[in-house]
Protein chains: 2
Amino acid sequence: MPAGTLQKNGLKVTPQRVAVLEAINSSDNHPAADEIIDFISRHHPNIGKGTVYRVLETLVNRGIISRVKTDSGIMRYDPITARHHHLYCSNSERIEDYDDKELNIILDNYFRKKKIKGFMIEDIKLQLIGKFTETRRSKNHKKGQIRNNLK
Amino acid sequence: MPAGTLQKNGLKVTPQRVAVLEAINSSDNHPAADEIIDFISRHHPNIGKGTVYRVLETLVNRGIISRVKTDSGIMRYDPITARHHHLYCSNSERIEDYDDKELNIILDNYFRKKKIKGFMIEDIKLQLIGKFTETRRSKNHKKGQIRNNLK
DNA sequence: TTCCTAAATAGGACTAATTCCTATTTATAA
DNA sequence: TTATAAATAGGAATTAGTCCTATTTAGGAA
Ligand SMILES: [Mn+2]
Ligand SMILES: [Mn+2]
Ligand SMILES: [Zn+2]
Ligand SMILES: [Zn+2]
């Protein structure tokens with residue numbers, strides 16, 4: 001499947017690109033570059049760090065993956081490019097997807113009426129900050145490993 | 001005024017703290033640490049970079065200023081701590097405040113009903129991404145200087 | 001006013017995420 | 001199979017931010 005995605009987007013199918021795509025798709029963690037590199041390195045120990053960053057940029061530019069901003073300034077990556085929002089834990093680095101069509105409709109309607117003077121909206125993202133009351137149902141590799149920097 | 005704010009918050013009034021507060025207050029740019037340092041350095045050339053970061057952290061912890069996250073991972077600072085949202089330019093680093101009580105009410109109502117399972121909301125931030133159709137009405141020092149990284 | 005001391009600063013080393021560089025390798029179109 | 005433009009490896013460079021410690025200082029006490 002990764003190979004198909006790459007071809008469809010007119011990208012050369014390289015093992016490195018396939019590996020990066022697989023890493024992101026198999027994570028439910030919104031992984032950082034660092035985690036992607038760790039994951040890939042298990043079966044592909046000689047991948048260049050620079051290559052991973054370059055591949056990520058390429059994939060973002062083609063709209064195959066997206067970026068998720070964090071407080072700490074570390075960039076994280078998301079296999080989902082469709083419109084959706086995020087839940088941010090206020091005392092760990094956990095980030096979960098939040099998809100809500102009803103909310104999107106409300107927001108779209110609101111801003112269809114209420115124009116912001118001097119600004120043309122292209123996208124609306126909600127950051128919902130709070131606390132998770134359930135632990136992660138980890139689907140993948142690094143089970144439960146959530147970087148935690150409670151301060 | 002900065003001195004008063006510091007005293008009110010039980011902080012020693014040092015020239016460095018006053019300078020940082022003045023820099024942030026006089027900017028309408030949501031400045032990064034780098035810009036705050038540049039600004040202060042004009043009249044206070046020996047301020048330590050570490051001091052500026054430490055003062056910023058102190059001010060954030062006391063609720064005197066707040067942080068604004070950006071795409072690029074560079075942290076920016078905001079003299080406003082009251083609840084408000086931000087307009088992000090999709091091809092420059094421009095960020096403007098967006099305050100909208102009606103919208104806050106809509107969001108609060110929506111999430112009062114619609115609970116998110118496994119998550120307790122503490123704060124909701126909207127990132128409105130788009131294009132500004134008017135140039136900045138620059139109130140301050142670095143006139144018009146908006147870091148621009150159109151790529 | 002002067003003195004004392006806990007708190008704050010200067011200034012530079014350090015860290016870590018990301019970018020950049022270039023010699024070498026490789027995917028693919030012909 | 002070959003040619004070549006595109007991609008990678010590997011490591012140096014950059015840079016926002018943190019950390020450390022000798023020195024200075026704000027502000028309360030005397
Ligand atoms: Mn890791
Ligand atoms: Mn600057
Ligand atoms: Zn997501
Ligand atoms: Zn603001």
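Protein chains get the first letters and strands the later ones, always in sequence-line order, with residue 1 at the start of each. Keep in mind the model is a prediction, meaning the values are calculated, not measured.
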Passing option when B:His84 is tested against B:Asp97, B:Asp100, B:Asn104 for side-chain hydrogen bond (donor to acceptor under 3.5 Å, both in side chains): B:Asp97
Winner on side-chain proximity to A:Val13, out of D:dT8, C:dT28, D:dA26, is C:dT28
Does A:Thr14 reach a base, just sugar-phosphate, or nothing at all? Heavy atoms under 4.0 Å. sugar-phosphate
In terms of heavy-atom contacts, A:Phe39 and A:Ala23 come closest through CD2-CB, 3.2 Å
Here the distance between atom P of C:dA8 and atom CD of B:Gln16, to the nearest Å, is 11 Å
To the nearest angstrom, the CZ-C1' distance between B:Arg62 and C:dA7 comes to 12 Å
d(CG, A:Asn46; C1', C:dT26) in whole Å: 16 Å
For B:Leu6 and C:dA7, what is the distance between atoms CG and P respectively, to the nearest whole Å? 17 Å
Would you say a side-chain N or O of A:Tyr53 is under 4.0 Å from OP1 or OP2 of C:dT19? no
Rounded off to whole Å, could you give me the CG-to-C1' distance for the A:Asp34 and C:dT15 pair? 14 Å
Under 3.5 Å, is there a donor on one side chain and an acceptor on the other for A:Asp99 and A:His85? no
Tell me whether the OP1 or OP2 atom of D:dT8 has a side-chain N or O from A:Arg54 closer than 4.0 Å. yes
What is the bend of the helix from C:dT1-D:dA30 to C:dA30-D:dT1 when you compare the axis at one end with the axis at the other, using five pairs each and rounding to 10°? 30°
Taking for B:Ala33 and for A:Pro45 the nucleotide of DNA chain D with the nearest heavy atom, the one nearer the 5' end belongs to A:Pro45
In whole angstrom, give the distance that lies between atom CZ of B:Arg67 and atom C1' of D:dA16. 13 Å
Between D:dG17 and B:Lys49, counting only base atoms on the nucleotide and side-chain atoms on the residue, is there a donor-acceptor pair under 3.5 Å? yes
Between B:Lys69 and A:Thr70, does any side-chain donor sit less than 3.5 Å from a side-chain acceptor? no
State, yes or no, whether a side-chain contact exists between B:Phe111 and A:Leu126 at a heavy-atom distance under 4.5 Å. yes
Between A:Thr51 and A:Gln16, is there a side-chain donor-acceptor contact under 3.5 Å, judged purely by atom types and distance? no
What's the closest nucleotide to the A:Arg17 side chain, out of C:dA7, D:dT8, C:dA10? D:dT8
Where each residue is assigned the nucleotide of DNA chain C containing its nearest heavy atom, which of B:Gly48 and A:Met75 is assigned the position nearer the 5′ end? B:Gly48
Protein-nucleotide distance (A:Ile37, atom CD1; C:dA16, atom P), rounded to Å: 14 Å
Selected nucleotide, minimal atom distance to B:His44 side chain, candidates D:dA16, C:dA10, C:dA17: C:dA10
I want to verify a distance call: between C:dT18, D:dT8, C:dT9, whose nearest atom is closest to the A:Val55 side chain? D:dT8
Length of the CD1-C1' vector between B:Ile47 and C:dG11, whole Å: 12 Å
Do other residues, nucleotides or ligands put more than 12 heavy atoms under 6.0 Å from the NZ atom of A:Lys114? yes
Both A:Pro15 and B:Gln7 contact DNA chain D. Which one's nearest nucleotide lies toward the 5' end? A:Pro15
What are the two closest non-hydrogen atoms of A:Pro79 and A:Ile65, and how far apart are they? CA-CG2, 4.4 Å
